[in-house]
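Since the structure comes first, as structure tokens, the remarks are kept for the end.
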Amino acid sequence: MKILAIGNSFSQDATHYLHQIAAADQVDLDVVNLYIGGCSLERHWMNIQNEAEEYLYEENGESAGMHVSIQAALERGNWDYIVTQQASYDSGIPETYRPYLGNIMEYVRERLPKAEFLLHETWAYESDSLHADFGKYHHSQEEMYGKLSQAYKDAAGQLGIRLIPCGDVIQELRKKDPFRYGHGGMSICRDGFHMNVIYGRYLLAAVWYRMLTGNSVCSNSYIPSTRLAPNAVFDGEVLKVIKETVDMLI
């Protein structure tokens, strides 16, 4: 299985553990993320038109140390899935999806007619996030989530494509211990908007894996480990809550 994400730091979070989770199930899965920080659908489309070699090529959660264009990445592999997303700050603004998402999809399908094109639903910022664009949503996590959830579902429905519902799963997890941040629990974010490098990134990869393979993550043996937090100690009970939430919702 070969997956190409045309994304930014949020797809970087989502793909970090995906290869490793699959490997624990003896599933041969390779995932590439095309990374530009904060990249929007509009910029992705402009980069396609300009054949801009601006994307850091990340393979199975690690940088390959080179920059490529979307065209070059599409030509590098016989991709089964192509996934894109809106930049988080515009995720709840429906007009920012049009016509760029449809244009990107048509471009990809002309070149890879057998690949499935999917949309990755991003997530609302933490309730006390200091992100510069949180003000677009009146600094309300609930407002941001409601708007982005509707915008993503409408965009996916209009184009007839599947949605990877990471934002929905994250919002559900925030209602459960130990992630009830407003009641003294831990935040699933590391900086108010990006995912925690252990639990948050694992959650995203688990959602993608469950969505694309149908396999249970409760029975998956992979334990998240990353050089970004070499001394981090995961809690098995916390991981269990994440796994059960993903299996229940996907």
Side-chain angles (χ1 to χ4, degrees), residues 4-15 33-50 52 54-55 70 82-109 117-175 181-182 187-195 200-201 203-204 207-208 211 249:
L4 177 66
I6 301 172
N8 51 40
S9 60
F10 277 37
S11 58
Q12 184 180 60
D13 278 353
T15 57
N33 181 53
L34 300 183
Y35 167 78
I36 296 176
C39 197
S40 66
L41 290 170
E42 180 178 10
R43 185 174 175 187
H44 287 315
W45 177 240
M46 290 176 60
N47 287 345
I48 286 173
Q49 293 177 300
N50 298 326
E54 296 182 358
Y55 293 89
I70 290 175
I82 308 293
V83 186
T84 196
Q85 64 193 40
Q86 180 56 295
S88 63
Y89 50 84
D90 279 344
S91 59
I93 304 174
E95 54 268 28
T96 65
Y97 290 70
R98 301 184 298 267
Y100 314 110
L101 178 60
N103 291 348
I104 295 167
M105 183 186 75
E106 289 179 11
Y107 181 87
V108 167
R109 285 184 169 174
F117 188 87
L118 298 100
L119 186 59
H120 171 213
E121 181 195 46
T122 55
W123 51 91
Y125 300 158
E126 193 52 89
S127 55
D128 59 357
S129 177
L130 299 178
H131 193 289
D133 288 299
F134 200 21
K136 291 182 178 181
Y137 308 96
H138 304 98
H139 300 277
S140 167
Q141 182 186 100
E142 291 75 17
E143 178 181 336
M144 186 176 185
Y145 168 67
K147 288 184 173 180
L148 75 83
S149 178
Q150 191 62 55
Y152 271 109
K153 287 176 175 61
D154 287 348
Q158 288 161 10
L159 294 174
I161 57 179
R162 288 199 294 164
L163 184 66
I164 303 176
C166 288
D168 295 341
V169 177
I170 287 168
Q171 207 63 19
E172 185 64 28
L173 190 73
R174 283 168 163 162
K175 300 175 185 177
Y181 181 62
S187 175
I188 194 69
C189 297
R190 66 180 184 267
D191 57 5
F193 47 100
H194 291 108
M195 284 287 101
R201 283 185 162 185
L203 166 68
L204 297 176
V207 171
W208 280 47
M211 183 81 180
L249 295 177

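All heavy atoms count here, side chains included; hydrogens, waters and symmetry mates do not.
- In this structure, the side chain of Ser11 does not engage the main chain of Ala5 through any donor-acceptor pair within 3.5 Å.
- Under a cut-off of 6.0 angstrom, the local environment of CG in Leu249 is crowded, with over 12 non-hydrogen atoms contributed by other residues, nucleotides or ligands.
- Taking both residues in full, the closest heavy atoms of Leu119 and Gln85 are given as CD1-CA, 4.0 Å, listed atom of the first, atom of the second, then distance.
- One distance of note links CD1 of Ile104 with NE2 of His44; it measures 6.0 Å at 0.5 Å rounding.
- Put simply, the side chain of Asn8 gets close to the backbone of Cys39: a donor and an acceptor are under 3.5 Å apart.
- How far CD of Glu126 is from SG of Cys189: 5.0 Å, rounded to the nearest 0.5 Å.
- Remark: Arg190 pairs with Asp13 by the salt bridge (Lys or Arg N to Asp or Glu O under 4.0 Å) rule, at least two apart or across chains.
- Side-chain contact check for Trp45 versus Ile70: every heavy-atom pair is 4.5 Å or farther apart.
- Side-chain contact, Tyr125 with Asp133: no donor N or O sits under 3.5 Å from an acceptor N or O.
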*What do the steps show when you test Met144 against Ser91 for side chain to side chain contact (heavy atoms under 4.5 Å, CB included), and what is the final call?*
CA-CA 8 Å; Met144 186 176 185; Ser91 59; 4.0 Å; yes
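- Interatomic distance, CE of Met46 versus CG of Asn103, reported as 13.0 Å (0.5 Å rounding).
- Taking CZ of Arg162 as the start and CE of Met211 as the end, the distance is 4.5 Å to the nearest 0.5 Å.
- Tyr100 places no side-chain N or O within 3.5 Å of a backbone atom of Ser40 that could act as its donor or acceptor partner.
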*May I have the step-by-step check of side chain to side chain contact (heavy atoms under 4.5 Å, CB included) for Leu204 and Ile170, ending in yes or no?*
CA-CA 8 Å; Leu204 297 176; Ile170 287 168; 3.8 Å; yes
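- Note on residues 139-160: pairs passing ring-ring contact (aromatic ring centres under 6.0 Å, His included), not counting sequence neighbours, are Tyr97-Tyr152, Phe134-His139.
- No donor-acceptor pair under 3.5 Å is formed between the side chain of Trp123 and the backbone N or O of Ser88.
- In this structure, Asp154 CG and Gln158 CD are separated by 5.5 Å, a value rounded to the nearest 0.5 Å.
- Taking CD of Glu142 as the start and OG of Ser140 as the end, the distance is 4.5 Å to the nearest 0.5 Å.
- In this structure a side-chain-to-backbone donor-acceptor pair under 3.5 Å is present from Gln86 to Leu41.
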